Trainee: 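I have a structure I would like to understand better, so I am pasting it below and will then ask my questions one at a time.
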Amino acid sequence: MATAHLRTLIGDEGLTPTNSAGLTFPFGDRGPQPGELLTVMPGIRWWRVPMSGPLKHVNGLILDDGPDLLAIDTGTASPRSTEAWRAILEGPLDGQRIGRILCTHMHPDHVGLAGWLSRKFDDAAIVMTRTEWLMVRMLAADSRPEVPEEQLAFWRGAGWDEEQVARGAGKGWSNFGKAIARMPLMYTRIQDGEVMRIGGSDWHVVTGSGHSPEHACLVDYDRRVLVAGDQVLPRISSNISVHVSQVNDDPLGDWLRSIEKFRQLPDDLLVLPGHGDPFYGLHTRLDALRDEHLDRLDAIVDLMASGPVRAVDCFKVLFRRPIGPDVIGMATGESLAHLRRLEVEGRAAREVKDGVWWFARG
């Protein structure tokens, strides 16, 4: 699968600029080497699952779970990720059994090999929130080859020209299913507020939204650890996008509310993110993520002072890099998320002209 296609599917890395100042990285530049499990603390090991695309890897965690192990996040159903799993299963995990696989959310780099790993260990349980599970099942089942008309209208509504629409249509539609191994029919549901017993520790489930619909994080208050997935990343902002199936949703509003929810957690937690390095400074990071998005909302309102804008017109104030064909889909989704938030707040109003969405000051 081409890197550009994989990037669009994964959508972990946002394009909104962000500031990681004020964080402490206890491991410094010391990250797991290929095939290595790095002990974060007793019973928690960290490794990097390699994959194609600009992020290069996703962080995996292996937790002691009684006589077995619990794996958190898996990498994509790709040769690179699969071979990396085989290396640790035949190396540092040789002779041990993975009894449960927890996927923080629906993106292929976090759930892609869950089905493969489950079958390898005699139907080991896959643990997810309900919405994330159902989204994976729905997207994998939508295997039509051609891009649906609703998606073409979505791109035109955002301001894409016909050449851009044709290029998007040429990438096909059913790529999600190619990035994940076949999932089993059964799973174990977790939900916000639940306490999971993993090994000898209690882990509290805390869910967030915006990057994905019901993203699961885990907190061990005794050992002061937060498994954050993509809900809190140290150096990049998670992608927050409006997609064709949710044009009337408000993912950026969900994201901002989730930031306030996670600010209620203790500030001294060691944060184990889905990408990047473990860090301290949870509240500092949440504040930076919130403030960057609020600043971008104000920048769009200022842009609308000269007249109505489309999503594509917002690229120049939202992002600090050129938006080419490889990232235009993500940039469009993020722009629409900001415009939709302004619409919900009453600071923008939408008008449709010839199938194009124009946003003016509300």
Side-chain angles (χ1 to χ4, degrees), residues 1 6 10 12 27 30-53 55-128 132-133 136 140 177-188 190 196-201 203 216 218 225 227 229-230 272-278:
M1 182 177 297
L6 186 63
I10 291 173
D12 280 354
F27 292 92
R30 172 75 170 101
Q33 299 303 304
E36 179 188 17
L37 299 176
L38 189 61
T39 298
V40 174
M41 60 182 60
I44 304 175
R45 287 174 284 178
W46 162 39
W47 72 300
R48 286 176 169 160
V49 192
M51 62 183 188
S52 300
L55 293 176
K56 295 184 170 58
H57 63 258
V58 62
N59 288 330
L61 296 171
I62 304 292
L63 276 59
D64 291 348
D65 192 19
D68 295 332
L69 301 171
L70 179 143
I72 299 180
D73 291 341
T74 67
T76 58
S78 64
R80 292 187 66 189
S81 295
T82 305
E83 287 306 313
W85 266 107
R86 289 196 174 108
I88 68 160
L89 292 175
E90 295 169 3
L93 297 183
D94 186 36
Q96 300 180 74
R97 181 180 186 276
I98 292 177
R100 293 190 284 179
I101 303 123
L102 188 148
C103 302
T104 56
H105 64 294
M106 56 168 278
H107 292 158
D109 53 333
H110 298 263
V111 75
L113 282 174
W116 174 83
L117 200 58
S118 172
R119 286 185 289 278
K120 196 170 186 66
F121 287 96
D122 301 319
D123 298 322
I126 293 179
V127 182
M128 298 179 70
E132 301 292 327
W133 167 262
V136 170
K178 299 173 184 175
I180 67 167
R182 177 176 56 85
M183 297 289 277
L185 294 178
M186 298 178 64
Y187 83 112
T188 299
I190 54 174
M196 289 184 66
R197 190 72 176 171
I198 304 174
S201 300
W203 290 85
L218 299 177
V225 183
V227 175
D230 288 346
L272 305 180
H275 303 278
D277 299 317

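We number each residue from 1, following the sequence as shown. If you're wondering where the values come from, they're calculated on a predicted model, not measured in any experiment.
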Trainee: Of all heavy-atom pairs between Pro184 and Gly115, which one has the smallest distance, and what is that distance?
Mentor: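 So the minimum-distance heavy-atom pair works out to CD-CA, 4.1 Å.
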
Trainee: Distance-only, no hydrogens or angles: does the Arg197 side chain make a donor-acceptor pair with backbone N or O of Gly200 under 3.5 Å?
Mentor: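 Checking the backbone N and O of Gly200 against the side chain of Arg197, a donor-acceptor pair under 3.5 Å is found.
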
Trainee: According to the interplanar angle, ranging from 0 to 90°, do the rings of Trp133 and Tyr187 count as parallel (below 30°), tilted (30 to 60°) or perpendicular (above 60°)?
Mentor: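 Taking Tyr187 first and then Trp133, their aromatic rings lie parallel (interplane angle under 30°).
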
Trainee: From Glu36 CD over to Trp46 CH2, what is the distance, rounded to the nearest 0.5 angstrom?
Mentor: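 Going from CD on Glu36 over to CH2 on Trp46, the span is 9.5 Å.
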
Trainee: Drop me the distance from Leu69's CG to Ile198's CD1, to the nearest 0.5 angstrom.
Mentor: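 With rounding to 0.5 Å, CG (Leu69) is 11.5 Å from CD1 (Ile198).
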
Trainee: Applying the side-chain contact (heavy atoms from CB on, under 4.5 Å) criterion to Trp47, which one of Leu37, Leu38, Asn59, Val58 satisfies it?
Mentor: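 When Leu37, Leu38, Asn59, Val58 are each tested with Trp47, the side-chain contact (heavy atoms from CB on, under 4.5 Å) holds only for Leu37.
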
Trainee: Supply the atom-to-atom distance Ile62 CD1 to Leu93 CG, rounded to the nearest 0.5 angstrom.
Mentor: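 Atom-to-atom, Ile62:CD1 and Leu93:CG are 5.5 Å apart.
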
Trainee: Can Asp277 and Arg48 be counted as an ion pair, charged N to O under 4.0 angstrom?
Mentor: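 Salt bridge: yes.
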
Trainee: Side chains of Ser118 and Asp123: any donor to acceptor distance under 3.5 Å?
Mentor: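 There is no such pair (donor and acceptor under 3.5 Å, judged by atom type) between the side chains of Asp123 and Ser118.
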
Trainee: Heavy atoms only: give me the nearest Ala125-Thr188 pair and the separation to one decimal.
Mentor: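 Answer, listing the atom of Ala125 first, then Thr188: CB-OG1, 3.8 Å.
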
Trainee: Does Val49 form a side-chain contact (heavy atoms from CB on, under 4.5 Å) with Asp109? I'd like the steps, not just the answer.
Mentor: CA-CA 9 Å; Val49 192; Asp109 53 333; over 6 Å; no

Trainee: Please report the interatomic distance CE(Met51) to OG1(Thr76), rounded to the nearest 0.5 Å.
Mentor: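 Taking CE in Met51 and OG1 in Thr76, the distance rounds to 7.0 Å.
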
Trainee: Establish, from distance only, whether the side-chain atoms of His105 and Asp230 form a donor-acceptor pair under 3.5 Å.
Mentor: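 Their side chains do contain a donor-acceptor pair, which is all the 3.5 Å distance test asks for.
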
Trainee: Return yes if some donor-acceptor pair links the side-chain N/O of Thr74 with the main-chain N/O of Leu113 below 3.5 Å, else return no.
Mentor: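 Answer holds: yes.
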
Trainee: Would Asp65 and Arg100 pass as an ion pair if we require N to O under 4.0 Å?
Mentor: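 A salt bridge links Asp65 with Arg100.
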
Trainee: Would you please test Trp85 and Ile98 for side-chain contact (heavy atoms from CB on, under 4.5 Å) and show each step?
Mentor: CA-CA 12 Å; Trp85 266 107; Ile98 292 177; 3.7 Å; yes

Trainee: Backbone N or O of Leu61 within a donor-acceptor pair of the Asp73 side chain at under 3.5 Å?
Mentor: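 No; zero donor-acceptor contacts below 3.5 Å.
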
Trainee: List the atom of Thr104, the atom of Glu132, and the distance in Å for their closest heavy-atom pair.
Mentor: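 Minimum heavy-atom separation between Thr104 and Glu132: O-CG, 4.4 Å.
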
Trainee: If you measure from the Lys or Arg side-chain nitrogens to the Asp or Glu carboxylate oxygens, is any gap between Glu90 and Lys120 under 4.0 Å?
Mentor: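 So Glu90 does not pair with Lys120 through a salt bridge.
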
Trainee: Would you name the heavy atoms of His57 and His275 that are closest together and state the gap between them?
Mentor: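 Closest approach of His57 to His275, heavy atoms only: O-ND1, 3.0 Å.
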
Trainee: Write down the atom of Pro50, the atom of Ala84, and the distance for their closest heavy-atom approach.
Mentor: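 Closest approach of Pro50 to Ala84, heavy atoms only: CD-CB, 3.4 Å.
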
Trainee: Donor-acceptor check, side chain of Arg45 to backbone of Val40, threshold 3.5 angstrom: yes or no?
Mentor: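 Such a contact is absent between Arg45 side chain and Val40 backbone.
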
Trainee: Can you tell me if Asp64 uses its side chain to pair, donor with acceptor, with the backbone of Gly199 under 3.5 Å?
Mentor: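 Pair absent, no side-chain N/O of Asp64 close to backbone of Gly199.
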
Trainee: Any side-chain heavy-atom pair from Met128 and Ile190 closer than 4.5 angstrom?
Mentor: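 Contact flag for Met128/Ile190 side chains = no.
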
Trainee: Checking side-chain contact (heavy atoms from CB on, under 4.5 Å) for the pair Ile101/Leu70: CA distance, chi angles, key distance, verdict?
Mentor: CA-CA 6 Å; Ile101 303 123; Leu70 179 143; over 6 Å; no

Trainee: Nearest 0.5 angstrom please: Gln96 CD to Phe121 CZ, how far?
Mentor: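 Reported to 0.5 Å precision, the distance equals 9.0 Å.
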
Trainee: Calculate, to the nearest 0.5 Å, the distance between atoms OG and CG belonging to Ser81 and Leu117 respectively.
Mentor: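 Taking OG in Ser81 and CG in Leu117, the distance rounds to 12.0 Å.
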
Trainee: Grab the two heavy atoms, one from Pro278 and one from Leu272, that are nearest each other, plus how far apart they are.
Mentor: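 The pair with the smallest heavy-atom distance is CB-CD2, 3.8 Å.
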
